[in-house]
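Values below: all heavy atoms of this structure, side chains included; hydrogens, waters and symmetry mates excluded.
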Amino acid sequence: MKMDRRTFIKAVGVLGASLFLQTYKSDLAKALELSETKVLWFHGVECTGCSISMLDGGTPDIVELLQYLNLNLLYQEVLMMQQGIFVDGKPANTSDLNSELLLDEILENEKDYVFISEGGVPNGPDGTGKYLVLGGRTYKEIYEKAAKSASVIIAIGQCATNSGVNAAKSDVKELLDHRGIAFTMEDSSKGIIDLLGIDKPVININGCPAHPDWVFLTISAVVLGKIKVPDDLPYVLDRWNRPKVFFPPDHVIHDNCPRRGYYDRGELDLTVGGPNCLWKLGCKGPYTHADCATRHWNGHQSFCPQAGSPCIGCVQPGFPDSTRPFFVESEDAGIVGTHLDTVAGVAIGGALLAAGAHAIRRTVLKKPVDKEESAEENISEKTGGEK
């Protein structure tokens, strides 16, 4: 079966990476006959959680993905075996030095690879980048060389997409000056590639950590040519450079949350461990654009609210500042067109147990078109303006 871009996008929207690879195995086999794709994978300022997430991805795991897509992983510090120069079966020099030699050789000779960026890039202090030094050179300097020769940059995880916790409010934020790749928090003028004057297409896979499916399927789309870079990017990415299929601008996690019915009936938990809606415990599902509630995590078994934890909006641009305080009710915010007081606050008092958010929305909004526009505007305001 030959897939066009539209079919492919629909497929990745409803299938996990495992089922997708099984369903389109013949298509992948044809791709393997075409060419090998080189991948360079860097780790900057981060906790390595996104790599761990992919290692825990199950089926396929990251090694299977490399084989399925005929990827040549040039460099990945977490996954690399001991390598470099060997003499009589033993590594010459130290492992670290061999890694530096390998990296220098790659940067000197390789071009047009898929450049996967995990982690942010420190620019401090004072623009020197010296808060992360590898082998006597700043990561900022190494990153610049790598990015200039890439065909596309895929930034995975919140540290790379928006700098995440590295750029969160703190006493040392300005000193460290950590940057995301195309954005720093919600500012597109402070991405590291803009600072370095590098004009490369960037695809952002947000999340703290990113879902393995989001990463694997995006890489698959690019490698198989189902998303042509850069021509298709304006159509498949949102304003934050995220694939709309995984981060739908017109849907939030709350829409498909299994606890949604409790919210509509005003049955809200006030302490952790209960079965009801987690809104009063600070759940950010109503403002968070991702398919977590339908895709699920942990082998597609569950996701945070289903397991009892309020959503903290970890895929949202500007996280964590944009979704803090965690585990605290957003008292001044309503859900898709309502004000909290009209639903949750009153419902807790027992007055509107059966009314539900949808009934109130229908009362307040006169026409279907007004309803949709108002809901979108409300979501947009809470999420930094995306539509």
Side-chain angles (χ1 to χ4, degrees), residues 17 21 35-86 91 93-122 132-135 137-161 164 180-181 192 200 202-205 207-223:
L21 293 174
S35 62
E36 173 188 83
T37 302
K38 296 177 180 177
V39 175
L40 185 60
W41 193 315
F42 271 17
H43 292 262
V45 181
E46 42 130 17
C47 68
T48 317
C50 289
S51 279
I52 300 301
S53 176
M54 275 163 276
L55 287 170
D56 291 339
T59 305
D61 60 29
I62 195 167
V63 175
E64 291 172 326
L65 179 81
L66 298 174
Q67 295 171 339
Y68 278 131
L69 297 177
N70 203 24
L71 302 179
N72 179 4
L73 188 60
L74 299 173
Y75 190 91
Q76 218 273 25
E77 290 177 341
V78 175
L79 300 179
M80 285 193 309
M81 297 179 65
Q82 194 173 43
Q83 39 62 53
I85 301 172
F86 288 79
N93 302 315
T94 66
S95 180
D96 286 344
L97 180 55
N98 282 333
S99 294
E100 293 167 23
L101 294 173
L102 173 64
L103 183 57
D104 283 341
E105 184 177 321
I106 291 169
L107 296 179
E108 183 68 27
N109 299 310
E110 303 291 350
K111 296 185 182 300
D112 299 326
Y113 41 76
V114 175
F115 184 26
I116 298 179
S117 298
E118 185 177 344
V121 181
L132 180 53
V133 176
L134 304 175
R137 293 168 298 175
T138 66
Y139 180 68
K140 176 183 173 183
E141 176 187 349
I142 298 171
Y143 190 89
E144 180 177 13
K145 290 182 179 179
K148 283 183 175 179
S149 297
S151 59
V152 59
I153 300 173
I154 300 178
I156 63 171
Q158 210 67 20
C159 297
T161 57
I181 306 308
I192 192 67
K200 295 290 180 179
V202 176
I203 300 174
N204 280 335
I205 311 296
C208 188
H211 194 297
D213 274 6
W214 300 339
V215 178
F216 290 169
L217 293 172
T218 299
I219 294 173
S220 300
V222 172
V223 169

Are side-chain heavy atoms of [X] and [Y] found at a separation under 4.5 Å?
X: I116; Y: I156; answer: yes
X: L73; Y: W41; answer: yes
X: E118; Y: V215; answer: no
X: T138; Y: L132; answer: no
X: N70; Y: T37; answer: no
X: S220; Y: L69; answer: yes
X: I153; Y: I203; answer: no
X: V39; Y: N72; answer: no

Going from [atom1] on [X] to [atom2] on [Y], what distance comes out if it is rounded to the nearest 0.5 angstrom?
X: I142; Y: R137; atom1: CD1; atom2: CZ; answer: 4.5 Å
X: C50; Y: L55; atom1: SG; atom2: CG; answer: 11.5 Å
X: E110; Y: E105; atom1: CD; atom2: CD; answer: 8.0 Å
X: E108; Y: S149; atom1: CD; atom2: OG; answer: 9.5 Å
X: I181; Y: C159; atom1: CD1; atom2: SG; answer: 10.5 Å
X: L103; Y: L134; atom1: CG; atom2: CG; answer: 8.5 Å

| field | Criterion side-chain contact (heavy atoms from CB on, under 4.5 Å) on H43 and T48, from CA distance to verdict | value | CA-CA 7 Å; H43 292 262; T48 317; 4.1 Å; yes
| field | Donor-acceptor pair between S99 and E77 side chains, under 3.5 angstrom | value | no
| When you check the side-chain N and O atoms of Q76 and S51, is any donor under 3.5 Å from an acceptor? | yes
| Salt bridge present between K145 and D104 (N-O < 4.0 angstrom) | no
| request: Identify whether the distance between the nearest side-chain nitrogen and carboxylate oxygen of K140 and E144 falls below 4.0 Å. | output: no
| query | Where do F115 and V152 land on the side-chain contact (heavy atoms from CB on, under 4.5 Å) test, with the steps shown first? | reply | CA-CA 6 Å; F115 184 26; V152 59; over 6 Å; no
| said: Over 60° means perpendicular and under 30° means parallel, so tell me whether Y139 and F42 are parallel, tilted or perpendicular. | reply: tilted
| query | For the side chain of T161 and the backbone of N204, is there at least one donor-acceptor N/O pair under 3.5 Å apart? | reply | no
| query | Can you tell me if K200 uses its side chain to pair, donor with acceptor, with the backbone of A150 under 3.5 Å? | reply | yes
| query | Would V114 and L40 count as a side-chain contact (heavy atoms from CB on, under 4.5 Å) if you check the C-alpha gap in whole Å, the side-chain angles of each, and the deciding distance to 0.1 Å? | reply | CA-CA 6 Å; V114 175; L40 185 60; over 6 Å; no
Any idea which heavy atoms bring [X] and [Y] closest together, and the distance?
X: A210; Y: G157; value: CB-N, 4.0 Å
X: I106; Y: L74; value: CD1-O, 3.5 Å
X: A146; Y: Y113; value: O-OH, 2.7 Å
X: A160; Y: A155; value: CB-CB, 3.9 Å
X: P122; Y: G120; value: CD-O, 3.9 Å
X: F216; Y: L65; value: CD2-CD2, 3.3 Å

| request: Go through the steps to decide whether S117 and Y143 satisfy the test side chain to side chain donor-acceptor pair (under 3.5 Å), and finish with yes or no. | output: CA-CA 9 Å; S117 298; Y143 190 89; 2.7 Å; yes
